[in-house]
Novice: 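Before I ask anything, here is the structure I am working with.
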Amino acid sequence: MMPIGGKNIVLILVLFISLYSCENKDVNTTDHYSSFNQILDNKLTTGQIDSIYDAALVLPNSTSRVDILMDIYKKSLKARPIRFDILDTAIIMAEKLDYKKGLAYGYDRKGLNFRYHSNYQESLVEHLKSLSFYRQVVDTFGTLRCLNNLGVVLRKLNHEQAAMEYYLEALKMARSINNEKNIAISLNGIGNVFVNIERYDKAMLYFREALALEQKNGNQRGINYDLSNIGEVFMLTEQYDSSLYYYSEALIVGLKRNYKADYSVDYYNLAILYQTQGDYITSNEYFQKAFPKLIEYKVQRYLSNAYIYSGINYDYLEQPALALENIQKGLNIAQKISTPEISIKGHQALSDHYTRSTNYRLALESYQTVITLRDSIRGEQTKRNIASLESIYKKEIQDKEIQNYQTKVKLQKSQNIIQLLAIIFLLITATVLVVISRLRRRNNKLITEQMRHDIQEYIQRIEEYESQNENETKEDERTIFYKNVEEYGLSEREIDVLLLISKGLKNDEIAEKLFVSVSTVKTHTRNIFTKLDVRNRIEAARKAQVL
């Protein structure tokens, strides 16, 4: 469709307003809704969005008007600023009409807005409301999107058990309609849950399956994301060469796409990798490459972390002024977006910085802030429970004091009885405290045991699912692999060795899997390098195009 100029849009909107202001009730409103949709098919400026929003407000209250408002809101996501007021208006209208599909979409978008601002608790509330409406309508793709959004938020809140539940439901639904895009999204979500609980072997299986799907469909953004996830797993398991390979491949894809700040996140990942290995100069070089786009697109969480980690690099490079400047920049952003986890990193970095500069008073203050923030995160639920118990305890104390006073009034002449009542009161109080303490310990123990049982049950269910698809996945992987390397004249055993090399296995691990000696593996490796005309294992894996 041809772009629409600003004057044409204004003329069309004036026509809309005049039509709806007239007294003729026989006007065909379907044609006008269609005209709105034609306008919304084009890229709109901020001013044009304002004009079409004003025109939409005079339309009759209907589900079509709600849909138009939702579409106008989506246009503002690219035109900026994002018009949250339009989304709220659409939700209010949908509530009046009891338009469940509109409410489902609106609450889901509202949950995303909270998530992008790191307000995960509010995001969870909105996504749960969205899902309750999606379950009442027939919208498979909307439901899939909401389930995966819930998985992300719950994972951010460290509720891995609940996150896994929603990801598995989304995966099952996506497989039922053979929607490979959402299958890949759910697989990535499950993989990230396993990363959270440090089951990296499991995470790798799901990331690789997601990558194979994205490569099959040519989804460059998904490929970039999957390569980064695999690189992270290798970094967390201290397989730095493999991590560098996958992060570098992700950067190549990101630069090729040149989409918003995606490749800046790839620069950020490489910076973290080099910092982990102690190469602080190279790490900061990558941070400097990441900053411009992170700042331009206001990717606040990454930007905050990047400043803090860059400051840590400067400390190791003995540039204290730059270290302090960057750490404080990161902390300022973390405080604006209310992200305690990043604030903890920042204050810990400040504490280490002041310790290096022998300013122990400021170092201690920063460390005390770390402790306070950490306790606020970990102990929030515990504090609520304690407050509840203290309230019960105070009420019991008040009741006992009243009872004690009445007893004293009635038995003023019986000092011994008063003393006995006091002793009984103290014993009861002590007993209540002991009982409360035991109940708390028992409750915590039961919660922990139940969580372990539930997680084990989910892992067992996942293992059953994996066993059903393992043979097919392996067969597809080997078929693709053989096709890629058949032109190089490798023997069957050399192909087996190359396949294991591409998966990051060392010589002794390959020898154990193939039941041969290490020297035999080395011989096969040399032959592979010769036939493929490569110098090392990474080049061999790349040439075979096994990711």
Novice: Could you tell me whether the side chain of E509 and the main chain of L505 form a donor-acceptor pair under 3.5 Å?
Specialist: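 Absent.
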Novice: Distance check, rounded to the nearest 0.5 Å: L273 atom CG versus Y286 atom OH?
Specialist: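 Going from CG on L273 over to OH on Y286, the span is 9.5 Å.
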Novice: Determine whether L244 and L270 make a side-chain contact, defined as any pair of heavy atoms from C-beta on separated by less than 4.5 Å.
Specialist: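 Of all side-chain heavy-atom pairs linking L270 with L244, at least one is under 4.5 Å.
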Novice: Can you tell me how far apart CG (L294) and OG (S304) are? Round to the nearest 0.5 Å.
Specialist: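 It is 11.0 Å, given to the nearest 0.5 Å.
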Novice: Give a yes or no on whether the backbone of E126 and the side-chain of S130 come within a donor-acceptor separation of less than 3.5 Å.
Specialist: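 Flag not set: sc S130 to bb E126 has no pair under 3.5 Å.
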Novice: One thing to verify: whether D108 and K110 come together as a salt bridge, which I'm taking to mean a side-chain N less than 4.0 angstrom from a carboxylate O.
Specialist: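 Answer for the salt bridge query: no.
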Novice: Applying side chain to side chain contact (heavy atoms under 4.5 Å, CB included) between I528 and each of V497, T523, V534, report the one that passes.
Specialist: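 Between I528 and the candidates, side chain to side chain contact (heavy atoms under 4.5 Å, CB included) is satisfied uniquely by V497.
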Novice: Measure across K101 and V137 and return the closest heavy-atom pair with its distance rounded to 0.1 Å.
Specialist: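 Smallest heavy-atom distance, with atoms named: N-CG1, 4.0 Å.
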Novice: NZ of K531: more than 12 outside heavy atoms within 6.0 angstrom?
Specialist: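 Check passes, neighbour count above 12.
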Novice: Is it the case that the side chains of R493 and N527 hold a donor-acceptor pair, with the cut-off being a distance below 3.5 Å and no angle test?
Specialist: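 No - no donor-acceptor pair under 3.5 Å links their side chains.
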Novice: Checking the side chain of K345 only, and the main-chain atoms of N305 only, is there a donor and an acceptor separated by less than 3.5 Å?
Specialist: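 No, K345 side chain to N305 backbone: no donor-acceptor pair under 3.5 Å.
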Novice: Quick check: closest heavy atoms across A540 and L498, and the distance to 0.1 Å?
Specialist: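 Heavy atoms of A540 and L498 come nearest at CB-CD1, 3.9 Å.
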Novice: Sub-3.5 Å donor-acceptor pair from the side chain of S228 to the main-chain atoms of N224, do we have one?
Specialist: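 Flag set: sc S228 to bb N224 pair under 3.5 Å.
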Novice: Verify the ring-centre separation between F291 and Y267: is it less than 6.0 angstrom?
Specialist: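 Not under 6.0 Å, so no.
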Novice: Ignoring hydrogens and geometry beyond distance, is a side-chain donor-acceptor pair present between D352 and Q348 at under 3.5 Å?
Specialist: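 Short answer, yes.
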Novice: Testing the basics here: between D315 and H353, what is the closest heavy-atom pair and its distance to 0.1 Å?
Specialist: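 Minimum heavy-atom separation between D315 and H353: OD1-ND1, 2.9 Å.
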Novice: Quick one: does any side-chain atom of N149 pair with a main-chain N or O of R145 as donor and acceptor, under 3.5 Å?
Specialist: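 Checked: pair present.
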Novice: Please find the pair of heavy atoms, one from L144 and one from A170, that lie closest to each other, and give the distance.
Specialist: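 Closest heavy-atom pair between L144 and A170: CD2-O, 3.2 Å.
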Novice: Parallel, tilted or perpendicular: which describes the rings of Y73 and F84, with under 30° parallel and over 60° perpendicular?
Specialist: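 Because their plane-to-plane angle lies in the 30° to 60° range, the rings of Y73 and F84 count as tilted.
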Novice: Short question: side chain of N536, backbone of I538 - any donor-acceptor pair under 3.5 Å?
Specialist: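 Between the backbone of I538 and the side chain of N536 there is a qualifying donor-acceptor contact (under 3.5 Å).
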Novice: May I ask you to decide if N182's main-chain N or O and S186's side chain share a donor-acceptor pair within less than 3.5 Å?
Specialist: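 A pair under 3.5 Å: yes.
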Novice: Looking at every heavy atom in both T355 and A363, which two are closest together, and how far apart are they?
Specialist: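 Heavy atoms of T355 and A363 come nearest at OG1-CB, 3.4 Å.
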Novice: How long is the span from the CD atom in E209 to the CG atom in D226, to the nearest 0.5 Å?
Specialist: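 Interatomic distance, E209 CD to D226 CG, rounded to 0.5 Å: 10.5 Å.
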Novice: What's the verdict on side-chain contact (heavy atoms from CB on, under 4.5 Å) for E160 and N158, showing C-alpha distance, side-chain angles and the deciding distance?
Specialist: CA-CA 6 Å; E160 285 82 10; N158 296 318; 3.9 Å; yes
Novice: Going from CG on N313 to CD1 on I308, what distance comes out if it is rounded to the nearest 0.5 angstrom?
Specialist: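 Going from CG on N313 over to CD1 on I308, the span is 12.5 Å.
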Novice: Between S123 (side chain only) and L112 (backbone N and O only), is there a donor and an acceptor less than 3.5 Å apart?
Specialist: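 Side chain of S123 to backbone of L112: no pair is present.
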Novice: Is there a donor-acceptor contact under 3.5 Å from the side chain of S243 to the main chain of Y240?
Specialist: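 Pair absent, no side-chain N/O of S243 close to backbone of Y240.
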Novice: Could you go through Y167 and N148, starting from their C-alpha distance and side-chain angles, then the distance that decides it, and tell me whether this counts as side-chain contact (heavy atoms from CB on, under 4.5 Å)?
Specialist: CA-CA 6 Å; Y167 280 136; N148 283 313; 3.5 Å; yes
Novice: Should we say atom CZ of F529 is surrounded by more than 12 heavy atoms from elsewhere, each under 6.0 Å from it?
Specialist: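 More than 12 within 6.0 Å, yes.
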Novice: Using the test ring-ring contact (aromatic ring centres under 6.0 Å, His included), find all partners of F114 that sit at least two apart in sequence or belong to another chain.
Specialist: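 With neighbours one apart ignored, the set is empty.
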Novice: Can you tell me how far the OH atom of Y107 sits from the CG atom of L87, to the nearest 0.5 Å?
Specialist: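 If I round to the nearest 0.5 Å, the distance is 10.0 Å.
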Novice: Enumerate, atom names and distances included, each donor-acceptor pair closer than 3.5 Å involving a side-chain atom of residues 295-302, sequence neighbours excluded.
Specialist:
unit_1, atom_1, unit_2, atom_2, d
E296, OE1, K293, NZ, 3.3
R301, NH1, Y120, OH, 3.1

Novice: Considering only NZ, NE, NH1 and NH2 on the basic side and carboxylate oxygens on the acidic side, decide whether K289 and E285 come within less than 4.0 Å.
Specialist: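 Result for this pair is no, no salt bridge flagged.
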Novice: Give me the atom names and distance for the closest heavy-atom approach of Y247 to M235.
Specialist: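 Smallest heavy-atom distance, with atoms named: OH-CE, 4.0 Å.
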Novice: Strictly distance-based, threshold 3.5 Å: is any side-chain N or O of T143 a donor or acceptor partner for the main-chain N or O of D139?
Specialist: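 Checking the backbone N and O of D139 against the side chain of T143, a donor-acceptor pair under 3.5 Å is found.
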Novice: Going from CD1 on I333 to CG on L303, what distance comes out if it is rounded to the nearest 0.5 angstrom?
Specialist: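 It is 4.0 Å, given to the nearest 0.5 Å.
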